[in-house]
Amino acid sequence: MTDTSIFPVPEAFASDAWVDAASYQRLYDQSISDPEAFWAEQGKRIDWIRPYTQVKDCSFSGDVHIRWFHDGTLNVSANCIDRHLATRADQTAILWEGDSPAEHRHISYAELHANVCRLANVLKKHGVQKGDRVTIYMPMIPETAFAMLACARIGAIHSVVFGGFSPDSLKDRIQDCDSRIVLTADEGLRGGRKVPLKANVDQALKSCPDVGTVIVVRRTGGQVAWEDGRDFWYHEEVSAVSPDCPPEEIGAEDPLFILYTSGSTGKPKGVLHTSGGYLVYASMTHQYVFDYHDGDIYWCTADVGWVTGHSYIVYGPLANGATTLMFEGIPNYPDSSRFWQVVDKHKVNIFYTAPTAIRALMREGEGPVKRTSRNSLRLLGSVGEPINPEAWLWYHTVVGEGRCPIVDTWWQTETGGILISPLPGAIPTKPGSATLPFFGVRPVVVDNEGHHLEGATEGNLCIADSWPGQMRTVFGDHERFVQTYFSTFPGKYFTGDGCRRDDDGYYWITGRVDDVINVSGHRMGTAEIESALVAHPKVAEAAVVGYPHDLKGQGIYAYVTLVDGEEPTEPLRKELVQWVRKEIGPIASPDLIQFAPGLPKTRSGKIMRRILRKIAANEHEALGDTSTLADPTVVTELVENRQNRV
Ligand code: WT7
């Protein structure tokens with residue numbers, strides 16, 4: 001695939017779109033030349049209780065701080081619900097499609113209001129106050145969105161933990177933010193299989209003595225253990241309180257949520273997002289990137305356990321009064337037509353998914369797609385990892401019948417919303433490129449010494465100035481925030497991604513340049529997997545790297561040195577995979593484990609990961625300079641026993 005393949009904006013699409021080519025250029029230029037004026041105007045898209053007079057107060061150096069609209073007050077849940085009641089009380093807000101095709105639910109804005117108010121009252125009854133942290137460990141059911149919005153209504157800070165994480169990972173996240181209450185379900189349901197959520201919570205809480213309340217949604221009716229005085233059924237609690245709860249007045253810079261994400265070192269960090277700027281940015285990007293119009297049925301297939309679910313299932317769409325589809329299941333259950341069956345069943349217009357899902361479905365051939373009509377589709381989106389041009393083209397021609405533009409949206413948990421993406425009525429697309437920055441976003445490409453690179457180039461992707469959706473800090477550790485994002489290239493936000501910029505100024509994200517790997521669109525720190533491995537009694541040392549994987553984008557490759565006297569056996573290999581699943585969660589399972597008598601280290605003892613990445617990628621012919629190794633012979637052994645020989 002070369003840069004010369006360009007897909008123009010379909011004319012019919014451009015004429016009805018919110019933003020066309022000329023207005024993109026004009027608005028983008030304005031947003032960069034006078035950000036204060038631009039955002040002062042855009043901030044009005046949401047309802048404020050007390051209007052802001054201050055717009056932007058941000059610094060990426062010295063005393064690093066990020067504040068937007070900071071003297072304004074608002075309530076995020078009122079913006080997502082109450083303000084729509086006058087005009088769309090009976091419109092579907094959340095369209096829920098169950099794991100089984102036989103189950104779906106329509107929740108209108110009026111019903112959303114009552115459900116969120118009731119749950120907010122339940123939280124209050126259990127002593128939750130403004131600023132308290134509430135952990136949400138729930139499946140993809142409407143009650144999860146109710147829980148997030150109920151927190152927002154009373155100013156509590158939610159921390160959603162993905163249901164695929166282990167009890168141990170859940171425990172770490174509860175402890176880190178000192179949650180005293182956990183919301184969960186008896187069991188989740190995915191692809192016909194049950195996920196033991198309540199049992200996982202019970203296990204996690206053995207090490208969380210401060211959690212005094214667990215609210216449990218009955219989803220499957222499966223058997224669960226019960227601790228009287230601590231555990232409460234959701235349905236009993238909400239039926240005992242009022243369906244009305246006035247929204248609290250919340251400062252623009254008061255926290256809305258914490259979301260844990262992996263970095264290159266240490267434990268996952270609590271990315272903190274606040275209320276005003278986040279909502280302005282999530283709603284604005286949702287409207288323009290997805291060219292969302294009143295009446296559209298919009299479906300983002302992410303899990304609410306990730307930021308994509310926060311910004312583009314819940315907050316962005318609901319702030320815009322949209323109908324947002326929430327899907328409990330998986331792409332290939334009951335069969336690999338499921339996505340497209342759901343599209344037809346609910347007449348979905350805008351569909352947003354991840355490259356890993358597209359690649360998996362592509363493998364099944366065109367049949368399962370062609371069995372469905374997909375007539376309602378107008379726009380397709382991609383997120384989470386670079387999309388390879390082959391998958392892009394298949395998505396475009398087979399799924400979209402060549403009719404729907406594709407928005408390849410680049411962003412991060414930290415950015416709160418989309419930063420680089422086509423606006424579908426304005427920007428011609430190139431398969432594999434996220435194209436151009438959104439309004440107010442100033443990407444810069446720098447070399448390893450931090451020098452700005454101009455024109456067509458390749459290097460490290462940084463952002464030169466703040467945008468309203470940016471994270472504000474690492475919960476409880478501002479120093480780590482400054483260190484992680486603003487110290488590599490002082491004065492700039494460093495994304496951790498590498499990128500190329502072509503002659504048209506289009507950005508091509510090439511992937512992480514740090515020790516973070518992206519497995520099926522899920523972000524993992526190699527350091528986390530390494531510490532899980534070395535916690536096993538038979539493991540002396542471990543080094544984990546990513547390697548190219550056809551379906552997952554990257555696979556997890558672990559080099560493991562056993563303690564003296566332990567034998568490298570097949571059963572032990574399997575045991576280690578299970579061990580990591582249990583320690584972190586199934587998404588962290590190593591794909592390949594190589595038993596390594598020694599790891600390539602410099603004389604000062606630093607592991608040379610560059611060499612390990614090459615061997616894992618089966619590129620051992622081009623290892624580069626190995627002369628600085630303390631013992632160059634370990635490399636020969638590693639190459640001989642490499643596990644990836646495709
Ligand atoms: C990392 C962020 C953004 C929500 C989901 C992931 C990679 C994300 C793209 C894209 C190429 C992408 C980057 C980024 N990434 N979207 N369209 N093209 N790479 O959020 O878990 O915080 O991961 O995902 O490497 O840094 P996340």
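Ligands are counted one by one from 1 in listed order, and the atoms in each one are counted from 1 as well.
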Taken in chain and number order and not counting sequence neighbours, the residues that satisfy ring-ring contact (aromatic ring centres under 6.0 Å, His included) with Tyr260 are none

Between the main-chain N or O of Pro268 and the side-chain N or O of Arg173, is there a donor-acceptor pair closer than 3.5 Å?
-> no

Would you call Trp467 and Phe439 a side-chain contact if the rule is heavy atoms closer than 4.5 Å?
-> no

Thr135 side, atom OG1; Leu170 side, atom CG - distance, nearest 0.5 Å | 7.0 Å

Report every pair formed by an N or O atom of ligand 1 and a protein N or O atom separated by less than 3.5 Å, giving atom names and the distance to 0.1 Å.
unit_1, atom_1, unit_2, atom_2, d
ligand 1, 15 (N), Gly384, O, 3.4
ligand 1, 16 (N), Gly384, N, 3.1
ligand 1, 17 (N), Asp408, OD1, 2.7
ligand 1, 17 (N), Thr409, O, 2.7
ligand 1, 18 (N), Glu385, O, 3.4
ligand 1, 19 (N), Pro386, N, 3.4
ligand 1, 22 (O), Thr413, N, 2.8
ligand 1, 22 (O), Thr413, OG1, 2.6
ligand 1, 22 (O), Arg523, NH1, 2.7
ligand 1, 24 (O), Gly384, O, 3.3
ligand 1, 24 (O), Asn518, ND2, 3.4
ligand 1, 25 (O), Asp497, OD1, 2.6
ligand 1, 25 (O), Asp497, OD2, 3.3
ligand 1, 26 (O), Gln412, NE2, 2.9
ligand 1, 26 (O), Asp497, OD1, 3.3
ligand 1, 26 (O), Asp497, OD2, 2.6
ligand 1, 26 (O), Arg512, NH1, 2.9

Sequence-distant partners of Glu253, side chain to side chain donor-acceptor pair (under 3.5 Å), two or more places apart | Thr274, Arg472

Residues passing the salt bridge (Lys or Arg N to Asp or Glu O under 4.0 Å) test with Glu530, sequence neighbours excluded, are Arg609

